[in-house]
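See below for the structure under consideration.
Read the numbers this way: they start at 1 and go in the same order the structure lists the ligands and their atoms.
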Amino acid sequence: MLKYRSYTATNIHELPQYRNIARDLIHAIKTVATVYPFRVNNYVTEHLIDWTNIPDDPLFRLSFPQAEMLDECDFERMSALVRSDADKALIGQSAREIQLLQNPNPAGQMELNTPRLGEEPLHGLQHKYRESILFFPSEAQVCHAYCTYCFRWPQFSGLENLKFANNDVSLLVAYIREHSEVKDIIFTGGDPMVMSTALLRKYLEPLLDLETVKTIRIGTKSLSWWPYRFTRDRDADDLIRFFEKIVASGKHLALMSHNSHPREIETPEALEAVRRIRSTGAVIRSQSPIVRHVNDSPEIWEDMWQQQLRQGIIPYYMFLERDTGPKRYFEVPLAEAVGIFNHAYRKMSGLGRTVRGPSMSCSPGKIIVEDVTEINGEKVFALKFTQSRNPDWTNRLFFAEFDETASWINDLTPAFNRKEFFFEKEMGELYSCYL
Ligand SMILES: *Cc1c(COP(=O)(O)O)cnc(C)c1O
């Protein structure tokens, strides 16, 4: 057993590396942590971060808040409050004002994707694409550590918590019984792997008897943030046995592993976790956004995908950072992202080309930036849905005017003088406001 120990803005002075961190950096961390979630743990600080290279170290940038994540005037405002040791309520109220201006609910997730059972809205479920549903267990609305770029930051800042989560698996089962088209149940959070094996059993076992469910996916960052979950935690062996049981039931069990940087899957702890998970028959697929300061180079992606292939992890998605929270600090424009993707992709053998991206998860669907090309003398982005609200849109190509600085679908204009993208009219009829 290895004890999990977390560090937040409140107890950061207990970090063994505390003295290595410059005073102004500590102050910046405490300041930004009033607005965005901050938590690391003893695995991250001891095995992932290169303390000789802070603050530039990508794993430090990934887990410790940076001053530039806030607009300068917001930073100054919170900085003054933190420095003067202001009243907690005042700090909280000022932070909330800033949070509410950071687009805390992008892509209309709450309004558009919450399904109904009879008349009742089913909170903690999202059914956006015909074949799959997302389920947010109440107990999984935290992570072993937080990523600075997290697009679900409002859940960890007390803005969304209750509305997004559910603890009644019988509702999930009832919903699936009425929706035989759903093949994949995706457990997400937070991180479902923060739950005990007993809790995971509570949520997952009832699904094993449902004929229409073919795949159980678990979205998790635990291979990076706490690989002991699969090796040395008290109920790790029990977890491995449970994974074996899921596989034996005939379901496909897929761990959707969030890996941002090759270093995360190089440690002996992570390697051992991967080995144990794969020994159960579960498959690990990897996905991550491309973000500035963490993984914005083709070499990092090539290295990461090669490592994953070697370990039997299947590269799955490269995402673009959603338009929320500290997006501006982390964003990589579409043109640069597709350049990085293509560069790394071309270095892979066919086995690594299971990965798709860069992908924008936006209100109409998941849109891949396929390439930059020229058609009739016009420089354009070639775009394609890999998932869409209307399944008929999937795999359709469409084009937008090239724009070097665009970083999201709503920065784009349809190419060839079209007034709108092909899906916009129907999307507008379905929903009054979107994108
Ligand atoms: C990404 C996503 C899925 C899963 O899509 P896949 O392409 O099958 O991985 C399901 N539901 C929502 C809401 C999503 O954003």
Handout entry: Ring centres under 6.0 angstrom apart (Tyr175, His127)
Key = yes
Exercise for the section: Look only at interatomic distance and state if Tyr316 has a nitrogen or oxygen under 3.5 Å from any nitrogen or oxygen of ligand 1. Expected result: yes
Practice task
From atom 8 (O) of ligand 1, work out which of Lys366, Arg217, Glu131 has a heavy atom at the shortest distance.
Solution key: Arg217
Practice task
Would you mind listing which atoms of ligand 1 come within a distance below 4.0 Å of any non-hydrogen atom of Ser361?
Solution key: 15 (O)
Handout entry: Top protein contact for atom 4 (C) of ligand 1, by heavy-atom distance
Key = Ile186 CD1, 3.7 Å
Problem - Identity and separation of the nearest protein heavy atom to atom 11 (N) of ligand 1 - result: Tyr129 CD1, 3.6 Å
Practice task
Check whether the ring centres of Phe385 and Phe423 lie less than 6.0 Å apart, and answer yes or no.
Solution key: yes
Practice task
Give a yes or no on whether the ring-centroid distance for Trp226 and Tyr4 is below 6.0 angstrom.
Solution key: yes
Practice task
Give yes or no for whether the N/O distance cutoff of 3.5 Å, strictly under, is met between Tyr317 and ligand 1.
Solution key: yes
Exercise for the section: Could you find the nearest protein heavy atom to atom 10 (C) of ligand 1 and give me its residue, atom name and distance? Expected result: Ser132 OG, 3.4 Å
Problem - Over-ring placement of Arg396 relative to Phe422, 6.0 Å and 45° cut-offs - result: yes
Practice task
Check whether any side-chain N or O of Glu264 sits under 3.5 Å from a backbone N or O of Ser260 as a donor-acceptor pair, and report yes or no.
Solution key: yes
Practice task
Determine, using heavy atoms of Asn113 and all atoms of ligand 1, whether some pair is separated by less than 4.0 Å.
Solution key: no
Handout entry: Nearest non-hydrogen partners of Asn166 and Tyr203, listed with the distance
Key = O-OH, 3.5 Å
Practice task
Looking only at protein heavy atoms, identify the closest one to atom 13 (C) of ligand 1 and say how far it is in Å.
Solution key: Leu134 CD1, 3.6 Å
Exercise for the section: Just jot down the ligand 1 atoms closer than 4.0 angstrom to any heavy atom of Gln387, in number order. Expected result: 5 (O), 6 (P), 7 (O), 8 (O)
Practice task
Take Asp191 and Thr220, measure what side-chain hydrogen bond (donor to acceptor under 3.5 Å, both in side chains) needs, and give me the verdict at the end.
Solution key: CA-CA 5 Å; Asp191 193 329; Thr220 184; 2.7 Å; yes
